[in-house]
Structure formats: structure tokens, C-alpha cells
Amino acid sequence: MTVSFVLLALLTLSAAVAAMSMPRLIHCALALAVAFTGLGGIFLNLGAEFVGLAQLLVYVGAVAILIVFAILLTRGSEVSMRPGARSAISGTVIALAVFAVLAHAVLTSGVSRMATTAVTPSNRVQEIGVTLLQQYVLPLEVIALLLTAALIGAVILAWREKSPAAQEGAETR
Amino acid sequence: MSGKSMMEESAIGLDEQMGATYGAGRHTLKPDAEHESQILEVAIGPQHPSTHGVFRMDVQLDGERVVRLKPVFGYLHRNHEKIAENAAYLAAIPYTDRLDYLCSMTNNWGYVLAVEKLVGIAVPERTEYIRVIMAELTRFQNHSALVGFLLQDMGASGTPLMYAFREREKILDLFEAVSGARMMCNYLRFGGVRVDCTPEWLEETRQLVGRLPRFVDEFERLLRGNEILMARTQGVGVLPRELAVSAGVTGPMLRASGVNYDIRKVDRYGIYDRFKFRVPLGEHGDVYDRYMMRVLEMRESIAILEQALKEIPDGPVQDPKTKVRGLRPKVGEAYGRIESPKGELGFYLISDGTMNPYRYRVRPPCLINLTILEDMCLGLSVADVVVTLGSVDIVMGEVDR
Amino acid sequence: MNPLSACLIVAAFLFCVGLAGALSRSSAILVLAGIELMLGAANLNFIAFWRYGALAAVSPFHSLTGIVFVLFSIGVAAAEAAVGLALILAIYRYTKSCNVTQITELKG
Amino acid sequence: MNGYFAMATGLAERVDQIFVTFDHWAVTNTPEPLRWLVSILLIVVPILAVFPGLFALTTVLERKGLGRIQNRYGPNRVGPYGLLQPIADAVKSLTKEDVVPRTADGVVHYLAPLVIVSTAFLAYAVLPVGRNMIAVHLDAGLLFFFAIGSATELAVFMAGWSSRNKYSLLGAMRAIAQMISYEVPLILSSIAVIMIAGTLSPEKIVLEQAQYTGIFPHWYVFTPWGFAGFLLFMTAAAAETNRSPFDLPEGESEIIAGYFVEYSGFKFALFFLAEYLEIFAVSGLGITLFLGGWSAPLSFLAVIPSWIWFFAKLLVMIGVFIWVRGTMPRLRMDQLMNFAWKFMLPMALIDMVCAGVWRFLPGGALWVVLRWLICAAIIVVPYVALARGLEQGRKIEQRVYRYAEEG
């Protein structure tokens, strides 16, 4: 456990807390982007270079932007969180309980006494590619199919049915 | 204020101001009711790089699509008409310079023509030629500047504008040489012009006019086949023929919509019936047609200039018996109009027999061409609105007066 | 506490933050964001076990399983975010709200 | 004679590696506890010095170049030929008042320029500017580049949203839509290179290209897929960096300055700096991927140091960008999007297919020409078909005008 890991973990966790608790949605989205960046940093810190960069590319470059866009497109629906709301309190309590259970499990299980390897296992990009395309080629294809389906599904869902006025506007172009 | 009432208000306000009714072809674009909350109101201007002065468009956008556009002007209003009603007839000429400050020569001519009609002054032959030369030079430099500005509005980072200004500068140099001022020329007088042109000036003008076709060719080579230019302008900001006529649009804008109406041909004022020139007509009435009208008219201007410079006779430029100062026209009224580079520029004068006009009224082509802006822009994107506005060719000095 | 359990604790906390957000916030977008955080926490677990776990030392054949799983998980999360946000947009268009407490009807 | 030649190449080699040698010398001659600091400084300081310096030079070059294109002089008052203009500009932007709108979101408004500049600088970490001259040896260097680049979008959004200005919000929306759309062809066109080179490391990609057949180099741009990929990449790069004719997010004639309209003084300068840094970085990547990076265009020209070649190529690219800016009007948003999704994306995919075919066709003596022709056909046929198809729906033409009849 290095200093850099602690710093990154603190950054990630505080950004995550901020993302879930700030009153303005846009601030939440930006904090979420920071949390994702921190998570990518942790991956890099643990030696998983490719995954960390993929995390940055996908989460910061795509998911965070998508969320920001969604917030902008649903403007006017911004509901500020009332701190005393019942759901907020009960949600936090439940989450804390879950955390207590998880932490207890982690600290009492054999994992925390297990000897860990100091060297990072080899994970060259080429090896990842070969593994993906040989051992895991079926899951890869399934993921590709899923992403395509998601793309088409998202487009169909977000399709705005054109009103006659909008069509007229499109024709005057 | 709900959007609908605001739009109606603006339309009524304009109607009253113009005294024009234009019901035909008017189409309104309502925002989809379900997206009302997403409408973004943006004030384009008065401080905006491409509103050609202090002009404001209150635009309501759905995304980038314009659903409502309200032109707001008056920032440059300076009481031109009232001042002229309180000044002697002669003293109003410098004020006309400031109307469309790119085209002071034609402004002068419009006013001078109205006064000449009112009083009944004859104009010497040589003066008529000089006026035609000045007017066509003015038209050329106005159109070339407009094309430059239009491309600038399209985001061409100044290159076409600088090309246009290079030629415009030379014409302004000529104006300076003959009148002492580059833009506020104050050159025409009732029944004549202020000073005669020297033979050297005429020779210089001949040389310049000889070079102008090459400039137009170069300009066209630079732009005409440009795919982005065509994609940005064709089918954009269409002005239907009927709407153009009923709204009183004049000038190259009207002709781009396919209406054959050029006051030089209709009225044959001055000596325009002596020259051979053609009137280009557009078909689609979109921005591209308006742009090409200007380019083609530049060529026709060159043709007129060549003829006028060849035929210009010697002689006096002013009948010495004509009274210029202390003019007291008989009671009556007159309307003088010319084809200014932007359209029909008219001056309406009522004389009550005193030193200054009882009523002095300008019919500004820019303002009237601007009134149909919303009709052209609905459903377009912001980028197209800017280009459409650019193609109208406005000068705020004339819009606001 | 060894590095592995430190990672696991961090991941557990991250998961719970996401859980708390998903349970307590009323904006559907933030619920989705909370779920994304929970997925991220799971990914952190995978990476931690890949890095410190027993498999890495034992069998080089399996050494990339954790990484590959995370890659798949990121792909799934991206798909989930896209579809989820499109759903939210569609619902917003219909109900004018993203508030999960107000979306009580299934009828569309 | 041979001795001289050997000496000359040895000298060239030494000049080529002068910075690497210096770096090595400096690190080894520092006491152990400070070594990490020195080695980091030796990475960070040159990047922080060279590229902003290039930015200063480029601002003058751009204004001078545009001036020449437009029949005017450009800056010529400060220093000889106006070369000191950037210093005057820097002083001006540093001393200008920093105006923050009252309704702006202070923290986000403040952070946006910092984020955008720091991400722009980070991208240089994986750019090989010369032989052995790369800041960070990353196996997944290209992925790093694109991952860092994607953070720019967020910064742009921050700037646009936090200003609370309608123009900047419009600009930010335009910018994000445009950047996301053009990131796809940008990445896809570089995937062709990754497929051929078999690596994500920019260093190795350059090394692959720094070989010569006779005197001619193995640059990827000299292959059909590489040529198409290069054009696609640079077009997408122009759009990514908001350069003309894709400068819609800041199109000053429409939305004034787009997302940074509410920035002034030094923050504005930072946006300006970031924009140019991105241009350099993405041009540098284009050079690395397709134009052989730091390798010399002809084998005997390798006596000139590799870093000179890199920067010479970079300057040429900048010159092309300036030239395009002086020539082209701006596209409209829907045209821009159509171009990205209907033309660039299919072409990038076809380019990938072509690269795959190229990879698996045999490379025998006869095959060299045949392979070239087959791959060229794979690119050209769909290109013509696509262009025809896109042409069909549009009514864009050069028009012939009629004149009114006399009468």
C-alpha cells in the first residue's frame, strides 16, 4: 500500500461521496467524472495499464459526457436533495450497514492474511489482445452484439417523434 | 410573456411602422408544445460581430433551430428626417451621406433627384454622365464589400473580405480625389455636381475600370465552385416571390426572387436608357441567388461604366443660373427614387414654400428588406440566420436613420 | 492489513457510496450514476484480485482473467449507461420529470 | 574516405542523441535521493518550455500567414518583422482584468481552463519527438493519448456551462457533439495503423516506419490504407481541435467565441494555449502514426537529427492548418454531423478492412504491385460509391442565371 494509492483512494472516495450528495446535478456529474478518473488512476497504480486507460476513455470520455448531456436535456427537472428526506436517511443507513458487513467480511476472511505477490503480473497489451481473441472470443462477440444492440436501442428510445411543425422546419432548410 | 402574443405584437408593430401588409406566404413555426421548456432565448446583437452594426435579433431557439425571431432596431436612430425638415434644402445633402454610409454617392443622387423634381431643375449632359459613373462605382464597391462580409459571416476568416476591400479601397481613392472624402462624399448638388472631374481623374477611372473584370473573375474563381459555400447558401433563407413583392422588397434581393424590377430600367432616371446593360434574375430566392445577383450586377456595372466613360462629353457640370443656395421651391410635393445598390431609395419631399421642406421622408431599402427577416429565418439554424442576415445587405445608418 | 484488503475496503466503500446514492437520490440520472459507481467498485475488486490474488502466481494461463473481465464489465457498463440515459430521456419527455418518486405509472 | 564517413555518421548520431545523453548524464550525476526529482523535471520542463514556445511562434506565423493570404502584412510593429508580438500579447493577457460573470459558477469557471491546459500538456507524454525521446514509455501509449484527449470534452463543457451565457452553452453543446462525433473516425483511422504495426506504443510504431527500402522509407502514408487513413485522421483532427472549417464551437460570426466567450485575461490565454497545444499534439500523433514520426524522408537524410525532422514535419502540418483556415468558409452543424457519420465513419471502417487485407496479402515480388492495387481498389471503389450516394439527395449545383428581356 503506497502513498499514491492512499491519495488516489481518498480522491476517488471523496469525489464519489460528492457525486452522490451535491445538490446540483451538474456538480454531481462533474464529481462523478473525477471519481471515475480516480478509479482509473487506481487501476494504473495497481499496474493494470490497459484497463485503467480504457476506464478513462470510456467513463470520463463517454459515460460522464452522456450523463452531462442527459442532465442538460432534462433541464428544469432539477430537484435539489432535501438533506432530511426520509429516503436519504434510510438509504444512507442501509448503505452503511452494507459497508459494515462487507468490511467485516473482508477483514475477518483469509484474504487479509493472505500473502500477496509484490510483482505485477504481466499484462502487455498484446497478451490481452491475444487472450481476448482466442480464449475469450465468444464473450467478446457477445459484448460486441450487446453494444450494437444497445446503440440501436438507445437511438430508438431517444428518437424524437417529429411533429408536423418540426418537419416543416426541416423542409425549409 | 407568452411567446405567441410576443410574436404577434412584433408583427403588428412592424406593420404599423411600415404601413405595409404582408399576409401572403407568412408562415409561422410553433415550437412543439412539449418542448416549450427547452426553448432558449438568445439576443443576437446589438454587440455581435455579424449583425452589421448595432442591430439586435431576439431569437428563440429550440436546440439551434430558430422558432421565433424578432428584429429590434433603433440603436442608431439620430432623427435624420426631422433634422432635414429643419434645415435648408442644401444642408440636408451631407446628412444623406450618413444614411447608407457605404454608398453616399447614390444617397446624394436620390435626394438631389427629389429636389430637382420638386423645383424642376434641368441637369447638364456631363453631370448626368458623372452621376452615372459615381453611382455605378458605388454599386460596385458596395456589392464587393457585401460579398466579402457575407463570406465573413460564413466564417471564411477574412480572406474574401480583404480581397473585396482591396478593390473597394481603390474606388474610395477615386472618390477622395474628386470629392475630398472617401465615404462621406457630399458631392452632388441640385442640377449638377460640386466640382468637375479632371481629365486625369477620368483617365485613372478608365484604367481602374479596365482592371475590374479581372478582379471579379478572380473573386469568382476563389468562391464560385466552393462546395462549402454552395452547401451553406443554397436553399437557405428562401424568400418566395409573392412574399417579396407584397413586403415591398426591392433591389438585388427582389431580383434574386425572380422579379424583374430595376428602377434604372423602370424609371430610366438620369440617362440610364442610353446604356446597354442586363438585369440578372434569380430563380430560387435563396442566399446563393442573392449572392450571385451581386456578383452578376458587378459585371453589369462595369459594362455601364465602360460605356459612360467612353461617351462622356465635355461641358459645364452646373448650369450657372440654377439656384443651389437659398432654395425656395413652390408649394408642392415630389418623390424621387433611384436604384441604390440595396434597392429602391426614395426621398419624398413636401414644400410649403419656405427655406426648408415641410416634410422630408426617406424610403430606406435596407429597413424594408429587413422586415421579412423572420419569415426567411424560421426553421433555420443560428448559423443560417447570420448568413441570411448578411445576404439582406443592411447598413444600420439607413435602417435607423 | 495487506494491500489486497485495502483495495477491497476501498471498493466496498465505493460500492456503498454508490448504493447510498442510488437509494437516496430522487433524480433518475443520479440513480444511474450510483449504479455506475457500484460497477466501478466491482471492477476495482477484479483488478485487486488480479494484482494480488493467488491465481496470478499459480497459473499464468489464468493471469489475465481479471483484466479481461473488467474490460467486459466496462463494455457492459457503457451499454447500460447509453440505454439507461435514453430511457430516462424518453421518460422525461413523457412525464416532464426525472424524479423517480414521481414516475409511478407503467402506462406510457 | 570511409573514415570520414564513419566519423560523420558518428557525429550525426551524437547530435541526434544529444538530449538523451544529457538526460542520462544529468540523472546519473545527481545524488541518489534526488534522482526521481531530476528525471521528472527533465521530462516536464522541456515539454513545458518547448511547446508553449512553439505556440508563441505559431501565433505569429499564423497571423503573418493569414495576412499574406489576405493581402496584408500581419503583425509588424513589435520587434523585427513583428516577431516579438507574442511577448506583447502575453504581457497584455497577463495584465488584463479577469472578469468573471456574477452569475457564473465560480469554481467550475475557474477550473475549466486549468483542466483543459493540463490535459493538453499530458498528451505530450507519449509523443516521440525524436529517437529515444519520449517522456513516458507506455505500452498502451495511443490509448493514453485518446483517454487524455477525451477529458478535454469535459473541460469544454465545464467552461461553457459555468459561464451562464447562452452563447457559451450553445458553443459547449456544439463542441461536445462535434468532438464526440469526430473522435470515432479519429480513433478508427488510427486502428488501421495499430493493426499493421501490432502495437499501441507510439515509439514502436515509429520504429516500424523508420526503415528504408533503398532510400525510400516505410511510412504508412505511402500505402493505400495509410494515405486514406492519414487524410481521415487529419480531417478528424481538425474537427477535434476546432480548426477551420470545423470551427463551429467558437465560430465568431455566429456564437462569438463559443464556450470561452466569458473568459478574459489570462484564462482566455490559457484556452488559446490549450487549443494550440491540442493542434500540435494531434498533428504530432498524425506524424507519428502516418508520416514516420521522427524518421527522415530519405535514408541519406538521416544525418539530420531526428528531432529536427519531427519539428519540421510539425511545422509543415501547422502551415497546412493555417492555409486551410485562410481558405475555407465554415460548415454548418448538421452538415458537420452528416460528414462525420455518413462519410468519415464508413470510410474509416473501410480503411480498417483495407489494412487487414494489406496485412494478410503475401508480400512477394509480384505481389508488391498487386497488393497495392487491390488495397487501392478497396479504398477507391467504396469512396466513389459513397460520394455518389451522398451526392444524390442534395440539390447543390453551380447555377446558370437568366437575364431579364429588354422591353
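Just so we're on the same page: letters track the sequence lines, and every chain starts at 1.
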Under 4.5 Å from any heavy atom of chain C - which part of Val58(A)
side chain
Side chain / backbone / both / neither for Leu44(C) at chain A, heavy atoms under 4.5 Å
both
Taking the side chain as every heavy atom from C-beta outward, state whether Ile74(C) and Tyr59(A) have any atom pair closer than 4.5 Å.
yes
Could you check if a side-chain atom of Tyr136(A) sits within less than 4.5 angstrom of a side-chain atom of Phe72(C), using non-hydrogen atoms only?
yes
Ser5(C) and Val106(A): which non-hydrogen atoms are nearest, and at how many Å?
CB-CG1, 3.8 Å
Could you tell me if the side chain of Leu23(C) sits less than 4.5 Å from the side chain of Ser90(A), heavy atoms only?
no
Taking Ala62(A), Pro139(A), Ala19(A), Ala35(A) one by one, which has the highest count of heavy-atom pairs under 4.5 Å against chain C?
Pro139(A)
Taking all atoms of both residues into account, what is the closest heavy-atom pair of Gly47(A) and Trp50(C), and its distance?
O-CH2, 3.9 Å
Just wondering, do Phe13(C) and Leu102(A) contact through their side chains at under 4.5 Å, heavy atoms?
no
From Ile128(A) atom CD1 to Leu64(C) atom CG, the distance as rounded to the nearest 0.5 Å:
6.0 Å
State, to 0.1 Å, how close Ala150(A) and Ala79(C) come at their nearest heavy-atom pair, and which atoms those are.
CB-CB, 3.6 Å
Could you name each residue pair satisfying side-chain hydrogen bond (donor to acceptor under 3.5 Å, both in side chains) that touches residues 140-149 of chain A, not counting sequence neighbours?
none
Any idea which of Val76(C), Leu89(C), Leu32(C), Leu30(C) has the most non-hydrogen atom pairs under 4.5 angstrom with chain A?
Leu30(C)
Heavy-atom pairs under 4.5 Å with chain C: which of Val101(A), Ile42(A), Leu146(A), Thr92(A) has the most?
Leu146(A)
Contact class of Leu39(A) relative to chain C, heavy atoms under 4.5 angstrom:
side chain
Among Leu96(A), Leu10(A), Leu140(A), the residue with the most heavy-atom pairs under 4.5 Å to chain C is Leu140(A)
Chain A contact via Leu85(C) - which portion, at a heavy-atom distance below 4.5 Å:
side chain
If you round to the nearest 0.5 Å, how far is CD1 of Ile29(C) from CG of Leu32(A)?
11.5 Å
Report the option among Ala20(C), Ala81(C), Ala12(C), Cys16(C) that has the most heavy-atom pairs separated by less than 4.5 Å from atoms of chain A.
Cys16(C)
Indicate the atoms forming the closest heavy-atom contact of Leu132(A) with Val68(C), along with that distance.
CD2-CG1, 3.7 Å
Which side-chain hydrogen bond (donor to acceptor under 3.5 Å, both in side chains) pairs, counting each pair once, include a residue from residues 81-91 of chain C, with sequence neighbours left out?
none
Given that the side chain runs from C-beta out, which part of Val10(C) has a heavy atom under 4.5 Å from chain A: side chain, backbone, both or neither?
both
Do you know which two heavy atoms are closest between Met20(A) and Val17(C), and how far apart they sit?
CG-O, 3.6 Å
Measure across Leu19(C) and Ala95(A) and return the closest heavy-atom pair with its distance rounded to 0.1 Å.
CD2-CA, 4.0 Å
Just do the side-chain contact (heavy atoms from CB on, under 4.5 Å) check on Asn43(C) and Val51(A) with the steps written out, would you?
CA-CA 10 Å; Asn43(C) 288 350; Val51(A) 174; over 6 Å; no
Checking Phe36(A) against chain C: side chain, backbone, both or neither under 4.5 Å from a heavy atom?
side chain
